[in-house]
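For the single chain, residues carry numbers from 1 onward in sequence order.
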Amino acid sequence: MRQFAPPAVAIMALALTLAAAASPAKAQRPPATAAVVKAGDLFDAEQGRMVGAREILIRGDRIVEVAASVSAPPDATVIDLSQCRVMPGLIDAHTHLLLTQEAGEGLSEVAARDHAVDGDGYRLLTAAQYAREYLEAGITSVRDLGNSGRFLDLVLARAINEGRVAGPRIHGAGPGLAPAGGQMEPLPHDPHGLVDGEYRIIEGVDDARAAVREAVAAGARVIKIYPEATPQRTRLSPEEMTAIVAEARRHDMPVAAHVTSDRGAREAIEAGVTSLEHGYDLSDETLALMAERGVWWVPTHTSFGMARELSSAWPQPPSDQMIRDHLSEEHRRLRKARAAGVRIAAGQDLYAPTAVGRGRASLRVLDAYVEAGLTPAEALQTATLNAGRLLAGEGQLGVIAPGALADLIALPADPTQSLDALAGITLVMKGGRVEVADGSGACASR
Ligand SMILES: [Zn+2]
């Protein structure tokens, strides 16, 4: 017997089909124009080395072919970077674009300023400036992990996606899922709701699942959790974290966990999170467990130069030797993690004002990794291949390979010899569009 769909269902299906055909996303998609980038020398992020001259064929926002010579259509735009070194656009896996915390300021003071004095408009305009600074520094994608008001990170992401302001591709988390009090100093009264303005406070297992769904519905690309909320002494329960991870998995969402203690790290790993952020106290046993379970580590380390600049504003700045002693433990842990096979993605977690701007300053996390013992090429892999896998899975971001998003940067010198080359970026392409160019696009000092 033939089956007929009830008319109401058929009409609904037709309406959905028409709506999909007329969706703004489709209407605004750029035409799939072709471009050929001629690279004088290419950093292959998978191999972790320069592989010589290559041509890169791009169609729309994706890379189509990488070869010594590609067969380009006659109308393809040629971008001649034959005097330059070319590498994938950089990725910072831990940013806070909506947060500016001056030295000595508590997070509750920052929130009071953001909510009662500056307001969301000023906060977003400031974030737009930071976003441009990231892009100008060659950072084409970021994960923005909370302290962004009620989803202001997703507002900024939308404005960037629509071409209204310049910035990196943002994988935003919205407000972090936190235990009572969030990360703020204890606020027994909080009449202005500062905590709820910055965090999604979790109250039980059902609420934990609901919080994930709220973030998904708002457009988040990652879930941020605070297993432990210093300087508060509150903690998410293991049951709440397990529920968050389960709900996030149902929506194909990664979970990033802010951990400072080894205990917090262990509980987050047991709950099944995707990445540990910071990890200032990871024991050797925890590093081994991370390697075994494939848990990512985003070590938000500070380079010596950055530590000295940021601490110079303190009432009693530490001596150089005190800074070195402090950093040496971070260095030991990073070497241990690498030896154990822990997957490491770069993230600077920068929220303090710096002399050189957010983007350039954020690249100093790579200096910190080199100071710890990674080679420059290995450090570059943490901010390309590795961070790309963390954000988008295999082959989508952080590599110059067929099928990947066409994000690349041009430099005058070989970055695998010295990361100083990152200070001279002459061109930034994101999703097949040249977003930043120094005018000549040339790399004269080669
Ligand atoms: Zn952070």
I'd like to know whether [atom1] of [X] has more than 12 heavy-atom contacts from other residues, nucleotides or ligands below 6.0 angstrom.
X    : atom1 : answer
R235 : CZ    : yes
R433 : CZ    : no
R308 : CZ    : no
H251 : NE2   : yes
R332 : CZ    : yes
R213 : CZ    : yes

Would you say the side chains of [X] and [Y] form a donor-acceptor pair under 3.5 Å?
X    : Y    : result
Y130 : T100 : yes
Y122 : D114 : no
H94  : T300 : no
E378 : Y369 : no
Q101 : H96  : no
D281 : S261 : no
R85  : Q417 : no
Q232 : T234 : no

Step-by-step side chain to side chain donor-acceptor pair (under 3.5 Å) determination, D262 to T286: CA-CA 7 Å; D262 194 51; T286 300; 2.6 Å; yes
Side chains of [X] and [Y]: closer than 4.5 Å at any heavy-atom pair?
X    : Y    : result
L366 : L422 : yes
S141 : I91  : yes
M50  : L42  : no

Could you give the distance from [atom1] ([X]) to [atom2] ([Y]), rounded to the nearest 0.5 Å?
X    : Y    : atom1 : atom2 : result
I244 : L236 : CD1   : CG    : 5.5 Å
L156 : F151 : CG    : CZ    : 15.0 Å
R132 : R358 : CZ    : CZ    : 13.5 Å
Y351 : T95  : OH    : OG1   : 13.0 Å

Go through the steps to decide whether R123 and H115 satisfy the test side chain to side chain contact (heavy atoms under 4.5 Å, CB included), and finish with yes or no. CA-CA 9 Å; R123 195 174 176 185; H115 291 265; 3.9 Å; yes
side-chain hydrogen bond (donor to acceptor under 3.5 Å, both in side chains) partner of H258, chosen from H278, K224, E277: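 Going through H278, K224, E277 one by one, the side-chain hydrogen bond (donor to acceptor under 3.5 Å, both in side chains) with H258 is satisfied by H278 alone.
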Got a salt bridge between E228 and R233, using NZ or NE/NH1/NH2 to carboxylate O under 4.0 Å?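 Looking at R233 together with E228, the answer is no, because their closest N to O distance does not fall below 4.0 Å.
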Less than 4.0 angstrom from a charged side-chain N to a carboxylate O is my criterion; do E371 and R324 meet it?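 No.
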Using 30° and 60° as the class limits, which term best fits the ring planes of H301 and W297: parallel, tilted or perpendicular?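 H301 and W297: perpendicular rings.
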Not counting sequence neighbours, which residues clear salt bridge (Lys or Arg N to Asp or Glu O under 4.0 Å) with E239? List them please.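 Checked E239 against salt bridge (Lys or Arg N to Asp or Glu O under 4.0 Å); zero matches.
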Distance to the ring centre below 6.0 angstrom and angle to the axis at most 45 degrees; does that hold for R49 and F43?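 Cation-pi check for R49 and F43: fails.
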